[in-house]
Amino acid sequence: MSVRVPLSSEFVNGDVSFWYRSTGVPAPGPRLDGDLQADVAIVGAGYTGLWTAYYLKRARPSLRVVVLEQEFAGFGASGRNGGWLTGDLAGSHARYGEGARRLQRVMYASIDEVIAVCEKESIDCDLVKGGVVNVARTPAQAARLRETVSAARAWGIGEPDLRLVDPGEHVRVAGALAASWSPHCARIQPAKLAQGLARVVRDLGVPIYERTPVTEIAPHRAVTPYGTVTAGHVIRATEGFTARLRGLRRQWLPMNSSMIVTEPLPPSFWEEVGWRGGELLGDMAHYYMYAQRTADDRIAFGGRGRPYLYGSRIDARGHTHEWTVEALWRLLTEFFPAARSSSVAHAWSGVLGVPRDWCSTVHVDPATGLGWAGGYTGHGVTTTNLAGRTLRDLVLGEETELTTLPWVGRRVRPWEPEPLRWLGVHTMYRLYRVADHRERSRPRTSALARLADLITGH
């Protein structure tokens, strides 16, 4: 690693994520051993799969539910994300249509649902509902931030839900010109939530067969090298790993995001920057960042790394390229110059699922028994909980408020074949980086960013 980034003596690159440092990467449990029959087979033991199993068993304890996982529960994005339990929607409100207002209110309520389940089931995941601050560090970003707050009013997002605040009111970021604040966000420790959910689900009598990759999903069956599970319903909960399944390579784009985390910072640092609680922190750049103050007083800081690998390939181990670590460290210390006395303890990456229109979907086909949820575009910590409850109602054939939300049954066209999607994604990020650079000296959003949105449908 470059000497331009100070690394701690125990620096780790990859090894899933920093979030497993305190507990150790779990040893995978038993794999499937032969054919099996069930009422519901869930493919993927991330948040979507675990929440779905949880709500199904709570609703119908007699249901035979099994979960199939290629690695271990929480191996993917569920154990690597930035720990934002946020009420933001994936994609734009306009694309969800008239039902977007209802979907937004349900998303806000889903934060409190996660909190309630964690309390009920004794899941300790460092959860603090501290809200979220978004900062603008250039005039163009400040204009976008004001436009975002103004546009939110049309979708029923009032002053109590989102408002402009003084830049230093919650967190003092160097060079911040404007800021917004929303109470609808909570900090979590991602791996602790995933492992806690897995424990609860197992206690409810749901077997999680780990080290069991699913090679094919078909009506009423999930095929693995070790046996086939036949079930009334088969739920695909594979998010960023969906492209690995036969026939689904173009369904959702596996987009990379990367993170670094500092060594613990002293009380004097937190006092200097005014970051006193569990607030989450984001910005208004096109090539945006996201951060949290961890329970042990580190900064976990994320952003886009190498955005996409040709052919929807996935680097599953989480190794992060040197230039990405450098870029994240440079931006972190621009935000907080006092952090330069610290060092980087861990770097890692993960993939998230991105649909062609950047909006999430959930669906169950009663005829085939096939269902899925995903395409969270980085908003999955909260949306997976809503997905689990919605899939429960759809599997049980119950018409509820959740099953009439506008993301249910949405059909989205697939991504273009290669090399078009590789060229499109890399062009988008190149344009966003250049746009951010140009906006340092310009008062309005760069036309290059608008071109990038047009290319990818963002």
Side-chain angles (χ1 to χ4, degrees), residues 19 44 46-55 74 76-93 96 99-121 123 125-134 152 155-157 161-162 181-194 196-197 237 239-240 257 278-282 288 290-292 300 302 350 352-355 358-362 373-393 401-402 405-408:
W19 304 121
Y47 293 152
T48 301
L50 294 172
W51 280 124
T52 303
Y54 174 79
Y55 285 111
S78 298
R80 309 185 195 204
N81 63 81
W84 283 44
L85 185 65
T86 176
D88 290 344
L89 300 186
S92 70
H93 286 73
Y96 291 109
R101 284 173 173 253
R102 287 194 301 123
L103 181 58
Q104 182 64 81
R105 302 317 302 183
V106 171
M107 279 291 292
Y108 287 159
S110 295
I111 298 171
D112 294 325
E113 170 68 13
V114 174
I115 294 171
V117 172
C118 287
E119 292 176 350
K120 175 182 177 180
E121 304 293 356
I123 299 174
C125 58
D126 301 337
L127 200 158
V128 177
K129 191 176 183 182
V132 58
V133 181
N134 278 290
W155 300 102
I157 302 172
D161 301 312
L162 176 68
W181 159 257
S182 171
H184 298 296
C185 198
R187 181 199 73 191
I188 64 158
Q189 205 277 32
K192 286 184 178 180
L193 177 57
L197 281 173
E239 184 57 357
S257 196
E279 300 97 337
L280 287 304
L281 175 66
Y288 60 85
Y290 50 93
Q292 67 152 278
L352 49 99
V354 179
W358 298 75
C359 294
S360 303
T361 59
V362 59
Y376 303 123
T377 65
H379 295 80
V381 181
T382 308
T383 316
T384 52
N385 176 270
L386 177 57
R389 289 180 286 135
T390 306
L391 286 167
R392 170 201 60 195
D393 294 348
E401 178 194 9
L402 301 185
L405 290 171
W407 74 315
V408 177

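Quantities reported herein were computed from a predicted structural model and do not represent experimental measurements.
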**Asked** Do I157 and Y108 have side chains that get closer than 4.5 Å, going by heavy atoms?
**Response** yes
**Prompt:** What are the two closest non-hydrogen atoms of S360 and Y96, and how far apart are they?
**Reply:** N-OH, 3.1 Å
**Request:** Classify the side-chain pair Y55/D393 by whether it contains a donor and acceptor separated by less than 3.5 Å.
**Result:** no
**Asked** Shortest non-hydrogen contact from G91 to C359?
**Response** CA-SG, 3.8 Å
**Request:** Tell me, with the steps shown, if W407 and L89 meet side chain to side chain contact (heavy atoms under 4.5 Å, CB included).
**Result:** CA-CA 10 Å; W407 74 315; L89 300 186; over 6 Å; no
**Request:** Please report the closest heavy-atom contact between G49 and A237, naming both atoms and the distance.
**Result:** N-CB, 3.7 Å
**Under 3.5 Å: donor-acceptor pair, side chain of E239, backbone of G353** = yes
**Main-chain N/O of W84 paired to Q292 side chain as donor or acceptor, under 3.5 Å** = no
**Item:** Minimum side-chain heavy-atom gap E401-V106 below 4.5 Å
**Value:** yes
**Asked** Any side-chain heavy atom of W19 sitting closer than 4.5 Å to one from S78?
**Response** no
**Request:** Enter the distance from N385:CG to M107:CE here, rounded to the nearest 0.5 Å.
**Result:** 9.5 Å
**Asked** If you measure from OG1 on T383 to CH2 on W51, what distance do you get to the nearest 0.5 Å?
**Response** 12.5 Å
**Message:** Give me the atom names and distance for the closest heavy-atom approach of S110 to T382.
**Reply:** CB-CG2, 3.6 Å
**Message:** Suppose the criterion is salt bridge (charged side-chain N to carboxylate O under 4.0 Å, His left out): which pairs have a residue in residues 100-112, not counting sequence neighbours?
**Reply:** R105-D161, D112-K129
**Fill in**
With sequence neighbours left out, the residues meeting ring pair (Phe, Tyr, Trp, His ring centres under 6.0 Å) with H379 are none
**Item:** Audit row: W181, E279, side chain to side chain contact (heavy atoms under 4.5 Å, CB included) steps and yes/no
**Value:** CA-CA 10 Å; W181 159 257; E279 300 97 337; 3.9 Å; yes
**Shortest non-hydrogen contact between A373 and L391, atoms and distance** = CB-CD1, 3.9 Å
**Fill in**
Nearest heavy-atom contact between T384 and G380 is OG1-O, 2.7 Å
**Prompt:** Quick one: are Y47 and N81 in side-chain contact, heavy atoms under 4.5 Å?
**Reply:** yes
**Request:** I would like to know whether V132 and D88 meet side chain to side chain contact (heavy atoms under 4.5 Å, CB included); could you show each step before the answer?
**Result:** CA-CA 11 Å; V132 58; D88 290 344; 5.8 Å; no
**Prompt:** Side chains of E113 and L386: does their closest heavy-atom pair fall under 4.5 Å?
**Reply:** no
**Asked** Can you check side chain to side chain contact (heavy atoms under 4.5 Å, CB included) on L127 and E119, steps first, answer last?
**Response** CA-CA 10 Å; L127 200 158; E119 292 176 350; over 6 Å; no
**Item:** From CG (L85) to CZ (R187), nearest 0.5 Å
**Value:** 12.0 Å
**Message:** Are V381 and T86 packed together at the side-chain level, in the sense that at least one heavy-atom pair is separated by less than 4.5 angstrom?
**Reply:** no
**Request:** Drop me the distance from L103's CG to W155's CH2, to the nearest 0.5 angstrom.
**Result:** 11.0 Å
**Prompt:** Does L352 reach the side chain of S257, with side-chain heavy atoms less than 4.5 Å apart?
**Reply:** yes
